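I have a structure I would like to understand better, so I am pasting it below and will then ask my questions one at a time.
The first residue in the sequence is number 1, and the count goes up from there. Computed from a predicted model, the values in this text were never measured in an experiment.
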Amino acid sequence: MNVIDIFLEFHQTLSKDRYIERLFDKLGEEQLRTRPYPTVNSIAWLLWHMARVEDAGINRLVVAQPQVLDEGDWNTRMNVPIHHHGTGMTDPEVTELSQRINMAALRAYLDAVRTKTATVVKTLTLEHLDERNNLTYLHQVLFEEGMLNPAKDWGDSPPYQASKGELLIHFGVTHNYGHIYEAFTICSLLGVSPW
């Protein structure tokens, strides 16, 4: 089994009835939108953020293709007018997005992102995964195209300077698993079980 096969196995496990789909199927809209405490994200925000990070990260920084977001009028469909991936949003902004987002469109967007990821990853070579994006391209994607929240101070050195293989694992697996566990904690805080 090579690294692509391992990636796809973990990526698929996250999507199917074990995790992401279970949250949509077992929780009602109000539960998905609720922030149990002021500084805790909603599950809806987490799922949107996971989709945005994977879409922008893999499609722009790993394979240099268009984002799913830009190919299907997803901002309008989800009723979310921002292009960045959400890191650095304020508490009121998280609450506002959690309340306004169209849940059916979010679910469809997340599915479209994860489907495209599985498709493009199958085309990668091990040599490609060793490559790194140059700083000019990183600046273009992160700041000019708006992957990163312009309201957050990102410091002097842009993030995501790792190899494309490291970025693939981060954007498609570790980042998402971390937030899924956060979502399950939020379920506990809400007194509901996704199981």
If you define the side chain from C-beta out and look only at heavy atoms, does anything of His83 sit under 4.5 Å from Gln67?
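His83 reaches Gln67 side chain to side chain.
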
Does His175 reach the main-chain N or O of Glu54 with its side chain, forming a donor-acceptor pair under 3.5 Å?
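No, the answer is negative, given that no donor and acceptor are paired below the 3.5 Å cut-off.
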
Could you tell me how the ring of Tyr109 sits relative to the ring of Trp74: parallel (under 30°), tilted (30 to 60°) or perpendicular (over 60°)?
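Tilted, since the angle between the ring planes falls between 30° and 60°.
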
Please report the interatomic distance CG(Leu97) to NE2(His49), rounded to the nearest 0.5 Å.
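Between Leu97 CG and His49 NE2, I get 11.5 Å after rounding to 0.5 Å.
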
Please determine whether side chain to side chain contact (heavy atoms under 4.5 Å, CB included) holds for the pair Asn133 and Leu167, giving the CA-CA distance in whole Å, both sets of side-chain angles, and the decisive distance to 0.1 Å.
CA-CA 10 Å; Asn133 294 300; Leu167 295 175; 3.9 Å; yes

Side chains of Leu69 and Asn59: closer than 4.5 Å at any heavy-atom pair?
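Contact flag for Leu69/Asn59 side chains = no.
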
Met50/Val113 under side chain to side chain contact (heavy atoms under 4.5 Å, CB included): CA gap, chis, key distance, verdict
CA-CA 10 Å; Met50 287 166 53; Val113 167; over 6 Å; no

Within a strict 4.5 Å, meaning less than it, do heavy atoms of the Arg114 and Gln12 side chains meet?
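Not in contact.
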
From Asn75 atom CG to Ile82 atom CD1, the distance as rounded to the nearest 0.5 Å
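Those atoms lie 8.0 Å apart.
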
Are side-chain heavy atoms of His85 and Met147 found at a separation under 4.5 Å?
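Yes; the side chains approach each other to less than 4.5 Å.
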
Over 60° means perpendicular and under 30° means parallel, so tell me whether Trp48 and Trp45 are parallel, tilted or perpendicular.
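The rings of Trp48 and Trp45 sit tilted, inter-plane angle from 30° to 60°.
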
Below 30° counts as parallel, above 60° as perpendicular, anything between as tilted: where do the rings of Trp195 and Phe184 land?
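It falls in the tilted class, 30° to 60°.
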
With heavy-atom distances below 4.5 Å as the criterion, would you say the side chains of Leu148 and Pro158 are in contact?
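Contact flag for Leu148/Pro158 side chains = no.
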
Rounded distance [0.5 Å steps], CD1 in Ile20 versus CD1 in Ile43:
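Here the interatomic distance stands at 12.0 Å.
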
Parallel, tilted or perpendicular: rings of His170 and Tyr160 (30°, 60°)
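Rings of Tyr160 and His170: tilted, as their planes differ by 30° to 60°.
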
For the student: nearest non-hydrogen atoms of Ser42 and Ile186, plus distance:
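Here Ser42 and Ile186 meet closest at C-CD1, 4.3 Å.
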
Measuring from atom NZ of Lys26 to atom CG of Leu23, what distance do you get when rounded to the nearest 0.5 angstrom?
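CG of Leu23 is found 11.0 Å from NZ of Lys26.
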
Give a yes or no on whether the backbone of Ser98 and the side-chain of Arg35 come within a donor-acceptor separation of less than 3.5 Å.
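Checking the backbone N and O of Ser98 against the side chain of Arg35, no donor-acceptor pair under 3.5 Å is found.
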
Between Phe24 and Leu106, is the side chain to side chain contact (heavy atoms under 4.5 Å, CB included) condition met? List the steps.
CA-CA 10 Å; Phe24 281 113; Leu106 169 60; 4.2 Å; yes

Between the main-chain N or O of Ala104 and the side-chain N or O of Arg77, is there a donor-acceptor pair closer than 3.5 Å?
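No.
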
Heavy atoms from other residues, nucleotides or ligands near CZ of Phe10 exceed 12 (cutoff 6.0 Å)
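At most 12 heavy atoms, drawn from other residues, nucleotides or ligands, come within 6.0 Å of this atom.
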
Is any side-chain heavy atom of Glu71 closer than 4.5 Å to one of Lys116?
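When only atoms from C-beta onward are counted, Glu71 and Lys116 do touch, with a gap below 4.5 Å.
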
What is the minimum heavy-atom distance between Gly172 and Phe7, and which atoms define it?
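Closest approach of Gly172 to Phe7: CA-CE1, 3.8 Å.
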
Full working for side chain to side chain contact (heavy atoms under 4.5 Å, CB included) between Leu124 and Leu168
CA-CA 10 Å; Leu124 299 178; Leu168 174 68; 4.2 Å; yes

Measure from the side-chain N and O atoms of Asn102 to the backbone N and O of Asn79, and report whether any donor-acceptor pair falls under 3.5 Å.
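Answer holds: no.
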
Heavy-atom side-chain proximity of Leu138 to Leu61 below 4.5 angstrom
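Yes, close enough: below the 4.5 Å cut-off.
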
Who pairs with Gln31 by side chain to side chain donor-acceptor pair (under 3.5 Å), at least two apart in sequence or on another chain?
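Partners of Gln31 by the side chain to side chain donor-acceptor pair (under 3.5 Å) criterion come out as none, since no residue qualifies.
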
Under the 3.5 angstrom rule, does the side chain of Arg60 hit a backbone N or O of Asp55 as a donor-acceptor pair?
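No.
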
Hey, could you give me the CG/NE2 distance between Leu126 and His128, rounded to the nearest 0.5 Å?
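Answer for the CG-NE2 pair, Leu126 versus His128, is 11.0 Å.
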
Leu135 and Gln161, any side-chain heavy atoms less than 4.5 Å apart
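A side-chain contact exists here, since the closest heavy-atom pair is under 4.5 Å.
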
Under 3.5 Å donor-acceptor, Thr123 side chain and Thr119 backbone:
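Flag not set: sc Thr123 to bb Thr119 has no pair under 3.5 Å.
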
NZ (Lys152) with more than 12 external heavy atoms under 6.0 Å
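Atom NZ in Lys152 is packed in, count exceeds 12.
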
Quick check: does any side chain N or O of Trp154 sit under 3.5 Å from a backbone N or O of Asn149, one acting as donor and the other as acceptor?
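Yes; at least one donor-acceptor contact below 3.5 Å.
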
Calculate, to the nearest 0.5 Å, the distance between atoms OG1 and CG belonging to Thr34 and Leu189 respectively.
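Those atoms lie 11.5 Å apart.
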
Any donor-acceptor N/O pair, Arg132 side chain to Lys164 backbone, under 3.5 Å
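Checked: no pair found.
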
